[in-house]
Amino acid sequence: MNKKTIIYTTFFLFLLLFLSASYAEAATYYVRADSNDSCNGTVDVSGSSGNCAKKTIQAGVDLALTAGDTVIVHAGTYNSATPIFTSKANGSSGSLITIRAATGETVSITRAAITHNYNKMQGFRATSPGAYNAAAILLSGNYNTATENTVVSNCTAMISCTAFGISGSYNIVSYNTVDGQNNGASTTFNVGLHISGNYNEILYNTIKDANSIERVFELYGRGNHIAYNEVKNSQRTDYVAHPDIFQVFGTGNSYDHIIENNYFHDFVGQVGNLTSTGGTKQNWIFRNNIFANIKMEFFIHIPVKFYNNTFYRVTTTNTGFPLNGSYTGASIEAKNNAFIASGTGTNNGWYTGNVPVKDYNFVSHTATGGTKSYFNEVHGVNGGNPQLIAHYDNCTLNTCDFHVGATSALINVGIAMSEFSTDKDGINRPQDSSWDIGAYEYLASVPPSASSYEAESCILASPMQTISDPSASGGQYIQTSLSESGTATCSFSITTPGTYTLIAKVFAPNSGTDSFYFQMDNSPEDIWDLNPTASPSEYSVWREDSLAKRGTGTFDNPQYDPYALSLSSGNHTFALRGREANTRLDYFYLAKVTDITPPSAPIGLAVQ
């Protein structure tokens with residue numbers, strides 16, 4: 001063999017070894033509480049050694065060293081260490097290392113830390129929150145996902161109790177629950193989500209029943225996006241005098257954040273307190289949010305913008321002004337906001353302090369009208385009935401609905417904004433001649449979107465069939481004539497990757513005929529309940545409904561409502577299967593939640 005042949009042979013052997021290492025096949029490892037760490041973790045059975053599951057989560061995680069690896073943890077209480085596990089390796093864009101609870105099983109842990117990049121933590125119940133850097137779920141790496149986890153307030157001291165600590169950047173925290181369990185003072189959270197990294201997505205989380213929580217969101221860093229979350233039912237203040245939904249203080253930077261499309265309600269505390277003793281703190285934007293039944297105001301010491309928010313019964317004590325900019329450094333911009341039944345009387349209930357830009361806002365003394373003294377804007381609206389669909393002084397015990405009726409004083413009296421173009425539901429603004437004030441646009445009738453997809457254009461398999469109806473878009477809709485039978489396969493294309501909700505025009509005749517099976521691309525089939533609250537007004541009428549996923553929930557309390565879809569650019573398939581005969585579909589379209597491309601496309605905030 002000559003020298004040149006030896007060189008070529010050596011090169012190709014090296015290349016083969018390199019490619020083999022680079023494209024190692026992703027593996028799945030298993031953890032069972034009744035197994036043994038002497039097992040190799042490769043087979044999903046309990047044992048004492050050899051081909052069987054690991055016993056501790058950390059032992060399973062230590063095996064996941066290749067992008068795309070998955071660790072599946074079965075039911076049990078894992079409390080042998082704190083944190084119970086720490087990530088071991090980096091995944092890659094589009095190929096995360098996944099550490100998840102087995103589907104439908106309860107896996108309780110003390111806490112966990114994701115310190116690497118491109119990891120995904122899913123489905124755990126964390127019970128031992130610590131301080132910021134020892135939070136129940138710590139994301140100090142980048143491009144990670146934490147989804148469908150629950151953190152409970154089993155705290156030993158409030159001051160050292162944080163549910164999520166997010167110091168990394170470009171992470172997605174979605175569909176998690178922070179559950180105070182109607183706690184007492186000695187076990188309350190200090191912070192729900194402490195965010196100090198940049199460009200994180202905080203989406204569709206629920207923070208509930210957290211009495212005396214010091215602050216729900218402590219928000220630093222740059223460009224974080226807080227959207228479609230619900231904060232509800234904080235009803236006691238026996239540890240701290242004034243809990244905050246938002247708080248920032250000290251010398252850290254906190255700027256360019258967007259807080260939109262959230263629902264904050266039934267909170268016995270302050271909307272927030274934004275202070276500064278240094279650092280860059282500016283350009284917070286609140287838009288399309290609902291604030292309802294919140295006892296105290298928003299204390300503002302930095303520049304903040306408020307567009308198209310609905311404030312209902314906010315600041316029923318103290319100064320009486322929901323937005324209080326009477327402090328050094330404050331600068332408030334307020335446009336298109338609805339201040340309804342807020343404040344302590346007829347001479348307050350909107351904003352005060354340094355508000356250099358203010359116009360096109362609405363105020364009313366009660367939920368059904370009445371004017372306010374001293375409210376004075378060139379294009380503002382003082383009084384008139386906002387005609388809220390359903391409003392109560394407790395939106396936890398009752399179902400409130402802050403959409404508006406046909407004669408609402410909020411319709412067509414706002415100003416067009418260049419920064420965004422949709423309402424809280426993702427409906428395009430305006431629907432008529434001008435923008436509406438508040439979080440929602442009024443829809444007199446619901447025309448299909450320009451990018452909507454007619455159901456009758458889908459590929460149908462009997463007994464799914466097309467029915468003629470002049471009240472349907474295009475004069476036709478689809479339904480199955482036999483329960484548990486018939487399919488509709490609908491193809492569509494996405495140009496811009498991102499997070500979307502699917503909105504459809506549907507008709508549910510009654511409580512026994514109000515659901516479909518659905519499947520998006522290759523995700524598992526699930527149930528779409530069209531009227532979980534069994535509202536009489538939503539039966540026997542055509543209406544738009546956002547796709548919901550029952551998941552591990554029930555017919556009257558779906559796990560995800562609405563259900564967000566993380567979609568890559570390109571072609572997709574939305575499939576329906578008949579579940580209950582005569583449930584109707586007219587058309588569907590996609591409304592974008594965010595343009596920000598997820599770390600892997602798709603990573604599935606809840607879908608893939």
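Values reported hereafter were calculated over all heavy atoms of this structure, with side chains retained and with hydrogens, waters and symmetry mates removed.
- Between the side chains of R287 and N308, no donor-acceptor pair is found at a separation under 3.5 Å.
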Let me see the working for Y440 and I427 under side chain to side chain contact (heavy atoms under 4.5 Å, CB included), right down to the final yes or no. CA-CA 8 Å; Y440 294 111; I427 301 299; over 6 Å; no
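- Of all non-hydrogen atoms in W528 and A504, the two that sit nearest each other are CH2-CB, 3.5 Å.
- Using a 3.5 Å distance cut-off with no hydrogens or angles, the side chains of N233 and D266 do not pair a donor with an acceptor.
- Rounding to the nearest 0.5 Å places CG of D545 at 5.5 Å from CG of L530.
- The shortest non-hydrogen separation linking N361 to N336 is OD1-N, 3.3 Å.
- Between Y204 and Y228, the angle of the ring planes stays under 30°, which puts this pair in the parallel group of the 30/60° scheme.
- At a threshold of 4.5 Å between non-hydrogen side-chain atoms, the residues F555 and P532 do not count as touching.
- S408 places no side-chain N or O within donor-acceptor distance of the main-chain N or O of G405, the cut-off being under 3.5 Å.
- Of the possible donor and acceptor atoms, none in the side chain of D256 sits under 3.5 Å from a partner among the backbone N and O of R222.
- Here OH of Y477 is found 11.0 Å from OG1 of T583. Values are rounded to the nearest 0.5 Å.
- Under 3.5 Å, the side chains of T554 and D556 contain a donor-acceptor pair of N or O atoms.
- In this structure, F246 and F264 have perpendicular ring planes: the angle between them is above 60°, well past the 30° mark.
- By the side-chain hydrogen bond (donor to acceptor under 3.5 Å, both in side chains) test, D401 is found to be paired with H403, residues two or more places apart in sequence or in another chain being considered.
- No close placement of the W542 and Y587 rings is indicated, their centers lying 6.0 Å or farther apart.
- Using modelled atom types, no side-chain atom of T501 and backbone atom of A564 make a donor-acceptor pair closer than 3.5 Å.
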Does T573 form a side chain to side chain contact (heavy atoms under 4.5 Å, CB included) with T489? I'd like the steps, not just the answer. CA-CA 7 Å; T573 300; T489 303; 3.5 Å; yes
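- Of the possible donor and acceptor atoms, one in the side chain of S95 sits under 3.5 Å from a partner among the backbone N and O of G68.
- E230 and T206 are not linked by any side-chain donor-acceptor pair at a separation below 3.5 angstrom, with hydrogens and angles left out of the test.
- For the atom pair OH of Y30 and OG1 of T70, the computed distance is 8.5 Å after rounding to the nearest 0.5 Å.
- For the ring-ring contact (aromatic ring centres under 6.0 Å, His included) test, residues two or more places apart in sequence or in another chain that qualify with Y263 are H265.
- Residues D586 and R584 are not paired through a salt bridge, judged by the lack of any N-O separation under 4.0 Å between the basic side chain and the carboxylate.
- Between I494 and F492 the shortest side-chain heavy-atom distance falls below 4.5 Å.
- Counting only N and O atoms by type, the side chains of N90 and H116 include no donor and acceptor under 3.5 Å apart.
- Sequence neighbours left out, the pairs with a member in residues 412-424 that pass side chain to side chain donor-acceptor pair (under 3.5 Å) are N412-D432.
- Formation of a donor-acceptor pair under 3.5 Å by the S462 side chain with backbone atoms of M464 is not found in this model.
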Does the side chain to side chain contact (heavy atoms under 4.5 Å, CB included) test come out yes or no for F362 and N337, once each step is laid out? CA-CA 6 Å; F362 170 89; N337 301 288; over 6 Å; no
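- To the nearest 0.5 Å, atoms CZ (F124) and CG (N176) are separated by 12.0 Å.
- T150 OG1 to R125 CZ: the interatomic distance, rounded to the nearest 0.5 Å, is 6.5 Å.
- Results of the side-chain contact (heavy atoms from CB on, under 4.5 Å) test with H257 over I226, N224, I285 single out N224 as the only residue that passes.
- For the residue pair Q476 / T466, no side-chain donor-acceptor distance below 3.5 Å is found, with atom types taken as modelled.
- Heavy atoms only, all atoms of each residue included: A64 and V71 are closest at CB-CG2, 3.8 Å.
- Nearest heavy-atom pair, G438 versus N288, reported as atom, atom and distance to 0.1 Å: O-OD1, 4.5 Å.
- Between R550 and D526, none of the side-chain N atoms (NZ, or NE/NH1/NH2) sits under 4.0 Å from a carboxylate O, so this pair counts as no salt bridge.
- Residues Q122 and Y175 bring no donor and acceptor atom of their side chains to less than 3.5 Å of each other.
- E148 and Y560 form a side-chain donor-acceptor contact under 3.5 Å, judged by distance and modelled atom types alone.
- Under 3.5 Å, the side chains of E484 and Y517 contain a donor-acceptor pair of N or O atoms.
- Relative ring orientation between F291 and F286 is described as tilted, the plane-to-plane angle lying within the 30° to 60° band.
- For R429, the salt bridge (Lys or Arg N to Asp or Glu O under 4.0 Å) partners are E441, not counting sequence neighbours.
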Start with the C-alpha distance between I467 and I478, add both sets of side-chain angles, then the distance that settles side chain to side chain contact (heavy atoms under 4.5 Å, CB included), and finish with yes or no. CA-CA 6 Å; I467 305 293; I478 66 170; over 6 Å; no
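- Evaluation of the side-chain hydrogen bond (donor to acceptor under 3.5 Å, both in side chains) rule for S537 yields S535 as partners, not counting sequence neighbours.
- Side-chain atoms of Y307 and E333 form a donor-acceptor pair, as typed in the model, at a separation below 3.5 Å.
- We find the CG-OG distance between N117 and S87 to be 8.5 Å, quoted to the nearest 0.5 Å.
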Name every donor-acceptor pair, under 3.5 Å, that has one atom in a side chain of residues 506-516 and the other anywhere in the protein, sequence neighbours excluded.
{"from": "N510", "atom 1": "OD1", "to": "G512", "atom 2": "N", "distance (Å)": "2.9"}
{"from": "N510", "atom 1": "OD1", "to": "T513", "atom 2": "N", "distance (Å)": "3.1"}
{"from": "N510", "atom 1": "OD1", "to": "T513", "atom 2": "OG1", "distance (Å)": "3.2"}
{"from": "D514", "atom 1": "OD2", "to": "Y539", "atom 2": "OH", "distance (Å)": "3.3"}
{"from": "S515", "atom 1": "OG", "to": "R579", "atom 2": "NH1", "distance (Å)": "2.8"}
{"from": "S515", "atom 1": "OG", "to": "E580", "atom 2": "OE1", "distance (Å)": "2.7"}

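- Side-chain contact annotation: T147 with S174, donor-acceptor N/O pair under 3.5 Å present.
- Of all the heavy atoms in I99 and I114, the pair that sits closest is CD1-CD1, 4.4 Å.
- No more than 12 heavy atoms of other residues, nucleotides or ligands lie within 6.0 Å of CD1 in I459, so this atom counts as exposed by the packing criterion.
- Residues A390 and T399 approach most closely at CB-O, 3.7 Å, considering heavy atoms.
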